Amino acid sequence: MAIECLVLGAGQEVGKSCVVVTINGKRIMFDCGMHMGYDDHRRYPDFSLISKSRDFDHSLDCVIITHFHLDHVGALPYFTEVCGYNGPIYMTYPTKALAPLMLEDFRKVLVDRRGEEEQFTSLHISQCMQKVIAIDLKQTLQVDDDLQIRAYYAGHVLGAAMFYAKVGESAMVYTGDYNMTPDRHLGAAQIDRLELDLLITESTYATTIRDSKYAREREFLKAVHECVAGGGKVLIPTFALGRAQELCILLDDYWERMNLKVPIYFSAGLTIQANMYYKILISWTSQKIKETYATRNAFDFKHVHNFDRSLINAPGPCVLFATPGMISGGFSLEVFKQWAPCEMNLITLPGYCVAGTVGHKLMSGKPTKIVLDKDTQIDVRCQIHQLSFSPHTDSKGIMDLARFLSPKNVILVHGEKPKMVSLKERIQSELRIPCYLPANYDTVHIPSTTYVKAHASNAFIRSCLNPNFRFLKRSKEENSDQVLRNTNSTAPLQVNDERVAEGILIMEKGKKARVVHQDDLLLMLRQKKHDIQFGYCCAAQLENLVETGNRDGALSHSDKCSCLQLLFKELSTYFSGVNIQDLGEHLQVESFQVSVCLKDNCPYRIIDSPRKEAATIFFCCSWSAADEKLAREIISAIERFNLSDNLPCKNSK
């Protein structure tokens, strides 16, 4: 059966991740995100493509959320409470704790501050989260009799997980967002080596290979320090969970070492709750933070304080972390409007920004003006500093994961098309793995592997254990080497024992599959074994044959033996690496047998060449189908031989 992937979001773009996978009849929705760059119908995935009748409970077996970022979970309350999905939803414990904070903060920004129409309420968020089933790392959870899922540590943000799904013998992994390198507060992604039909991976940085983490940190600290030393203000737009904690740890440590007194602020509200959860969920953080937790909690920041709105235009330098990270609205946009016109100030963008956001416009060049709408225009005279502190893996990390898992197929999502095309070519050329990059609303069909468990008969098992000797003579070079090493050695012979499992698979309706030996099958069918043998009578030249006791030129028994001996000698020389056996009446190689033919009208002889008119001797050959190639080579050689040079003459009396 095929695995079918319907991409409802993050197809050749970054935003509203949502992929619906059908695997052996089971249908799973991976992520249910919103697009931060749109405020129209494009904000949410088109759920009608899952079910035209909107009967989502029967169309989906479960929903899996990889982490709490809005482009992965932002549409979930809308899908459950407005669209009506009531089936199981799975996510990790930290994601279940933190997702409601992100959703409520987004709702407030949209409705309370921007005045947009409410898509879901606070009650919707609460009711949605009541449907969630939390899952721990490496916990194998049986969704139903056929579908099982398992979560693996993904790094990226607190609680992020890759998800493994298996139905029957078909298996796949959906990565969500992940990071293959550790940072100051989170570890690197970890996953078992798995047998996979499909890997669906993010490709945000499909062509980027990051430089040293320490070099990036030094560059960031230098830019911030120079700005505040010159009396400027630094705005760091970031999401409240993830990069904010990473950069706070970095700046708090730097401020302590440099004994700086310039205030560092965190926009209040959501961040206070976020830091509380980071302190509680310390077991999901990096090894270094867990090791120092006994003496000090890394999220108790000494130099970071809560920010009051009245301080926006206060004189003097400062550093401010404000949400959201892409300056798509909220407090970070409010501060940007005030600080952007001043040349002394600095806006540093530490992560990826979706197209359509202010952050993306700033990263795309050095604009002097930002047009928000027809009535709002912002002068941009401040410094713009872009630095990759993104929690996404780079192209090397993606290739390393694909190489480690070695799936049969790869699908790329969550990336920009030109860069995804380049990564696709690398995966196909370097790893020899078929790779796809579907656009939104495309469907990809992936062939899956089906395994059948079969019982083996005793006769089949015994046949697998029996020796299967093959005798091969060594080459002349090998022979001479052996003689030099051992002058007393006998005729060199190479013996191989190649065990071959040859059986018949029997599949009967209503019964388990069986693998049996051919003798078992003959007994079941009440038939006798029938072997197909091939025969051919070929001629060799014997020009100097003289009269024997028989005037008609017939060979005596001794002549017959002499000719067979000569043939044995010629074949052994011609086929030096083949074990040819002299069994008296005939020669044998595998199933191929050859003997002197004394019949005038042999049924296997194609050309009638009477011995009275030509000095010719005939050899009868037989063989089975398995040795057809070998038989052709030997017969071709026999027909080219002239045995007369070596045959001893007999004088007639």
Side-chain angles (χ1 to χ4, degrees), residues 2-23 27-52 56 59-60 63-67 69-76 78-79 83 156 162-163 165 172-178 197-208 326 352-357 360 390 392-393 395 398 401-402 407 409-428 433-446:
I3 297 176
E4 185 178 280
C5 298
L6 169 62
V7 179
L8 295 182
Q12 299 179 7
E13 67 169 3
V14 177
K16 66 174 180 185
S17 289
C18 186
V19 179
V20 178
V21 179
T22 305
I23 174 170
R27 211 170 189 199
I28 310 163
M29 177 190 284
F30 290 98
D31 283 333
C32 188
M34 65 167 61
H35 201 296
M36 303 298 291
Y38 299 122
D39 55 9
D40 53 18
H41 69 280
R42 294 171 294 177
R43 174 176 287 168
Y44 294 149
D46 185 356
F47 297 120
S48 66
L49 296 177
I50 301 172
S51 172
K52 295 295 183 184
F56 300 116
S59 300
L60 293 171
V63 173
I64 292 173
I65 303 297
T66 58
H67 63 287
H69 277 162
L70 291 175
D71 61 328
H72 292 259
V73 73
L76 187 63
Y78 178 80
F79 182 55
C83 298
H156 187 63
M162 303 178 179
F163 276 88
M172 59 158 293
V173 162
Y174 176 85
T175 67
D177 295 346
Y178 63 103
D197 294 287
L198 174 64
L199 170 67
I200 302 178
T201 176
E202 68 135 311
S203 52
T204 314
Y205 292 103
T207 58
T208 301
M326 302 181 188
Y352 185 88
C353 293
V354 171
T357 62
H360 186 269
S390 173
H392 295 272
T393 190
S395 62
I398 298 169
L401 181 69
N409 300 274
V410 172
I411 289 180
L412 301 178
V413 294
H414 200 286
E416 299 171 0
K417 184 178 179 180
K419 298 176 181 178
M420 295 169 81
V421 170
S422 176
L423 180 60
K424 173 187 173 181
E425 291 172 354
R426 281 193 65 195
I427 290 171
Q428 293 190 150
I433 298 175
C435 185
Y436 309 85
L437 43 101
N440 283 342
Y441 313 126
D442 283 353
T443 299
V444 178
H445 298 272
I446 303 293

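Remember, predicted model here, so these are calculated numbers, not experimental data.
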Which residues share a ring-ring contact (aromatic ring centres under 6.0 Å, His included) with Tyr205, sequence neighbours left out: none
Would you mind reporting whether [Y] and [X] have side-chain heavy atoms less than 4.5 Å apart?
X	Y	answer
Asp197	Ile23	no
Asp177	Thr66	no
Val19	Asp31	no
His156	His392	yes
Ser395	Arg426	yes
Val63	Phe79	yes
Met172	Ile446	no
Tyr178	Leu401	yes

Can you tell me how far the [atom1] atom of [X] sits from the [atom2] atom of [Y], to the nearest 0.5 Å?
X	Y	atom1	atom2	result
Met162	Ile200	CE	CD1	13.0 Å
Ile427	Ile398	CD1	CD1	7.5 Å
Ile411	Met420	CD1	CE	10.0 Å
Ser17	Leu70	OG	CG	11.5 Å
Lys417	Lys419	NZ	NZ	15.0 Å
His72	His414	NE2	NE2	3.5 Å

Main-chain N/O of Thr443 paired with Glu4 side-chain donor or acceptor, under 3.5 Å: no
Donor-acceptor contact below 3.5 Å, side chain Lys16 vs main chain Arg42: yes
Residues Leu8, Tyr441; criterion side-chain contact (heavy atoms from CB on, under 4.5 Å); working and verdict: CA-CA 5 Å; Leu8 295 182; Tyr441 313 126; 4.0 Å; yes
Classify the angle between the aromatic ring planes of [X] and [Y] as parallel (below 30°), tilted (30 to 60°) or perpendicular (above 60°).
X	Y	value
Phe30	Tyr174	parallel
Tyr38	His35	tilted
Phe47	Phe56	perpendicular

side-chain contact (heavy atoms from CB on, under 4.5 Å) evaluation trace for Leu6 with Arg27: CA-CA 10 Å; Leu6 169 62; Arg27 211 170 189 199; 4.3 Å; yes
Contact summary for Cys18 and Pro45, nearest pair of heavy atoms: CB-CG, 3.8 Å
Which atom of Tyr44 lies closest to which atom of Gly74, heavy atoms considered: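 Closest pair (atom of Tyr44, atom of Gly74, distance): CE2-O, 4.3 Å.
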Result of checking Asp442, Leu198, Val413, Thr22 against Cys5 for side chain to side chain contact (heavy atoms under 4.5 Å, CB included): Leu198
side-chain contact (heavy atoms from CB on, under 4.5 Å) against Glu425, all qualifying residues, sequence neighbours excluded: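 With sequence neighbours excluded, Glu425 shows a side-chain contact (heavy atoms from CB on, under 4.5 Å) to Val421, given in chain and number order.
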Verdict with supporting geometry, Ile28 and Leu60, side-chain contact (heavy atoms from CB on, under 4.5 Å): CA-CA 6 Å; Ile28 310 163; Leu60 293 171; over 6 Å; no
